[in-house]
Amino acid sequence: MRLKDSYFYTLREDARDEDSVSGNLLVKGGFIKKTSAGVYMMLPLGLRVQAKVEEIIRKYMNEAGSQEVRMPALIAADYYEKSGRLKNFGPDLFKLKDRSGKDMVLGPTHEELFAVAAKSVIRSYKDMPVSIYQIQSKYRDEPRARFGLIRVKEFVMKDSYTFDRDEAALDVAYGKMFEAYKKIFNELGLNYRIVKADTGMMGGLLSEEFQAVTEIGEDRIVYCEGCDYSRNEEVAETVVQEVPCAEELPLQEVATPHCESIQDVCEYLHADPKNSVKALLMKADEEFVVFFIRGDREFNELKACKLLGVKEIGFADDALIATSNAVPGYTGPIGLNAKIVIDREVLAMHNFVCGANKEGFHYINANPKDLHYDVCGDIINVQEGDICPVCGKPLKFTHGIEVGNTFKLGTKYADALDLTYLDASNKAQSVWMGSYGIGLGRTIAAVVEQNNDEHGIIWPVNIAPYKVAVVPVNMKDETQKAVAEKVYQELTAAGVEVLLDDREERAGVKFNDMELIGIPYRLTVGRKAAEGILEFKDRRSGESKEFTVEEAVAFLK
RNA sequence: CGGGGAAUAGCGCAGCUUGGUAGCGCGCAUCGUUCGGGACGAUGAGGUCAUGGGUUCGAAUCCCAUUUCUCCGACCA
């Protein structure tokens with residue numbers, strides 16, 4: 001590729017709207033361009049990187065026995081109605097009507113259509129296993145797009161699906177896909193962790209996420225250094241640690257004027273928040289529920305929803321609160337006439353502080369025997385200091401970008417869309433499905449997050465848009481120009497992807513641009529061009545050495 | 001959804017408080033000098049000041065509405 005007369009640009013200043021290192025570098029380097037919130041153009045450089053990632057993915061998908069197809073993004077809403085996801089996706093789903101008024105959606109993920117496609121080949125148990133996949137654009141109306149390619153409304157995803165006769169066969173298919181995923185992310189050189197997570201709107205039996213480890217990651221992930229336990233924070237189990245107690249003291253009401261937050265109360269009473277219990281006045285679907293957790297804990301909405309079997313939990317409004325004797329700021333589990341859900345940990349506490357359901361008053365020396373509750377369970381996030389539920393060692397925390405996810409779906413979609421087969425005894429059975437996704441944009445962004453320096457991106461060689469940049473220092477120097485052209489031709493003939501920076505720019509501009517866009521190697525054609533000597537520089541290590549043209553071709557081939 | 005901030009040349013910004021018909025840096029064009037780490041000088045081109053309404057003799061500037069972008073929050077009892 002010759003840069004002169006090609007579509008290529010870089011920005012000299014940081015992108016104003018980008019809030020992540022990867023978003024900024026990709027925009028600045030001219031890989032992508034934002035068209036509106038959460039929607040990006042993929043420009044020539046970006047598309048080349050994406051194509052390389054696609055090829056790596058294809059290699060391992062094909063190796064795992066999956067065949068590539070391409071589904072439409074524009075889908076009749078009926079399919080999502082049947083699976084129940086028209087409701088479950090809710091506002092995240094892009095909905096539209098065609099000219100006749102028929103409801104359509106832009107596909108957010110394609111379990112439904114793949115199940116329909118599978119019907120064409122699956123009649124008998126002998127027709128399985130079968131697996132198909134696609135690389136295609138997905139649409140999700142995210143409430144808040146951010147972080148460059150990490151959270152967007154339109155994105156390219158590789159999604160594959162497996163179809164099997166029973167759970168044991170699904171386990172085998174899942175295992176194959178899982179291994180393929182490891183190979184893909186290893187080949188991309190990503191630092192990642194595999195964590196168990198919530199199945200969310202996908203439903204099903206199991207979800208495991210491939211999380212690229214980075215500071216900017218939106219997911220908190222929890223892992224144990226002592227064993228292989230790792231979880232997305234949303235589903236990480238807490239372990240109740242028994243605290244010894246010499247003597248349970250009698251309950252006592254104390255005045256705590258103007259202390260409406262746990263922090264205020266604890267400061268006023270000189271108590272440790274770890275020894276207090278706070279109330280969360282919530283609306284679980286339509287019902288008023290008060291949750292009680294230790295004062296220094298965070299509430300985990302997902303766990304609470306599952307515990308109560310409700311869809312949504314939000315803060316209660318004043319009208320709802322007024323149906324009880326709860327006093328915001330002073331709500332406690334003792335003598336409260338509302339539905340009470342209590343975290344398990346509270347039942348292991350002794351002589352703690354909690355609200356007295358009376359303006360300006362709290363209890364001290366409250367104990368589990370003093371309170372009643374309707375439901376008890378694990379409704380809090382794990383936090384620093386908590387221990388591994390498997391081996392008891394301290395848990396570690398980090399952030400991750402979810403670049404891949406694998407689901408054991410079970411028969412949910414097959415049941416909804418009538419995907420069945422006849423077993424050996426001629427009985428109709430539901431097909432067991434698995435679904436497996438990789439976000440291409442997120443993967444690219446994660447690679448950039450993990451591979452950059454103050455000069456720009458440092459692409460791993462296997463997904464770099466070009467392997468080497470040939471940079472003639474002075475385009476007015478005929479010798480340099482001729483040598484650069486010769487190197488370019490020979491490398492191209494040898495099958496090396498090479499970028500010839502034949503722009504009439506000063507050396508510094510070219511060097512900076514090639515570093516910004518992260519080309520792994522650079523061949524500078526300069527002072528020693530007449531002697532046939534080039535300077536070779538490694539973008540990652542910064543090391544440089546001299547090469548003849550032949551040596552350069554041999555090295556890069 | 002709730003609360004901030006912003007929208008002026010291709011990009012990044014100033015001007016707005018105190019209305020008087022738009023400016024800076026980069027980039028771009030032409031010429032000259034320069035030429036291995038984002039050169040220098042000279043001369044230029046380029047803007048319905050987001051949109052719609054209002055106030056006014058006069059609006060980028062003041063007022064209202066709308067749109068878009070962006071940040072924070074959606075763990076407070």
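Here is the naming used below: chain letters follow the sequence lines, and residue numbers restart at 1 for every chain.
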Provide the Watson-Crick or G-U wobble partner of rG27(B), both distances under 3.5 Å; none if there is no partner. none

OP1, OP2 of rC13(B) versus side-chain N and O of Arg16(A): anything below 4.0 Å? yes

In whole angstrom, give me the gap between the C1' atoms of rG73(B) and rG38(B). 40 Å

Examine the base of rG38(B) for any acceptor or donor lying under 3.5 Å from a partner atom in the side chain of Lys28(A), and report the outcome as yes or no. no

When all nucleic acid strands are considered with a 4.0 Å heavy-atom cut-off, which category describes Asn381(A): base, sugar-phosphate, or nothing? base

Could you check whether any side-chain N or O of Asn357(A) sits under 3.5 Å from a backbone N or O of Gly332(A), counting only pairs where one atom can act as donor and the other as acceptor? yes

Paired to rA6(B) by Watson-Crick or G-U wobble criteria (both distances under 3.5 Å) is rU68(B)

What residues from residues 266-290 of chain A pass a heavy-atom cutoff of under 4.0 Å to RNA chain B? Lys278(A), Ala279(A), Leu280(A), Leu281(A)

Has the side chain of Asn474(A) got a donor or acceptor atom sitting under 3.5 Å from an opposite partner on the base of rG36(B)? no

Span that lies between the P atom of rG52(B) and that of rU48(B), in whole angstrom: 13 Å

Counting only non-hydrogen atoms, which of residues 338-349 of chain A are less than 4.0 Å from RNA chain B? none

Pick the closest RNA chain B nucleotide for Pro143(A) and for Ile313(A) by heavy atoms, then say which residue is nearer the 5' end. Pro143(A)

From the list Ile401(A), Ile32(A), Val156(A), side-chain contact (heavy atoms from CB on, under 4.5 Å) with Leu149(A) holds only for Ile32(A)

Mate of rG73(B) where both pairing distances stay under 3.5 Å, Watson-Crick or G-U: rC1(B)

Run the ring-centre check on Phe555(A) versus Phe547(A) and record whether the distance is less than 6.0 Å. yes

Would you say Ser324(A) and Asn337(A) are linked by a side-chain donor-acceptor pair, where the criterion is simply a distance under 3.5 Å? no

hbond_proxy Glu505(A) side chain to rG37(B) base (donor-acceptor, 3.5 Å cutoff): no

Side chain to side chain donor-acceptor pair (under 3.5 Å): pairs with one or both residues in residues 270-281 of chain A, sequence neighbours excluded: Lys274(A)-Asp296(A)

Does Tyr466(A) have its ring centroid less than 6.0 Å away from the ring centroid of Trp459(A)? no

Carboxylate-amine/guanidinium proximity below 4.0 Å for Lys4(A) and Asp502(A): no

Of the candidate nucleotides rU34(B), rA39(B), rG36(B), which contains the atom at the shortest distance from the side chain of Val509(A)? rA39(B)

Starting at the 5' end of RNA chain B and moving along, which residue's nearest nucleotide shows up first, Thr331(A) or Lys510(A)? Lys510(A)

Whether the side chain of Arg522(A) and the base of rG37(B) hold a donor-acceptor pair under 3.5 Å is what I'd like checked. yes

Heavy atoms of other groups near Phe299(A) CZ, more than 12 under 6.0 Å: yes

Counting the benzene-type ring for Trp, do Tyr223(A) and Tyr229(A) have ring centres under 6.0 Å apart? no

Write down the partner of rA14(B) under the Watson-Crick or G-U wobble criteria, each distance required to be under 3.5 Å. none

Does Asp141(A) pair with Lys95(A) as a salt bridge, N-O distance under 4.0 Å? no

When you measure from the side-chain N and O atoms of Arg506(A) to the phosphate of rG36(B), is any distance below 4.0 Å, counting only OP1 and OP2? no

Who pairs with rA39(B) - Watson-Crick or G-U, where each distance is under 3.5 Å: rU33(B)

Please name the nucleotide paired to rA60(B) by Watson-Crick or G-U wobble geometry with both distances under 3.5 Å, or report none. none

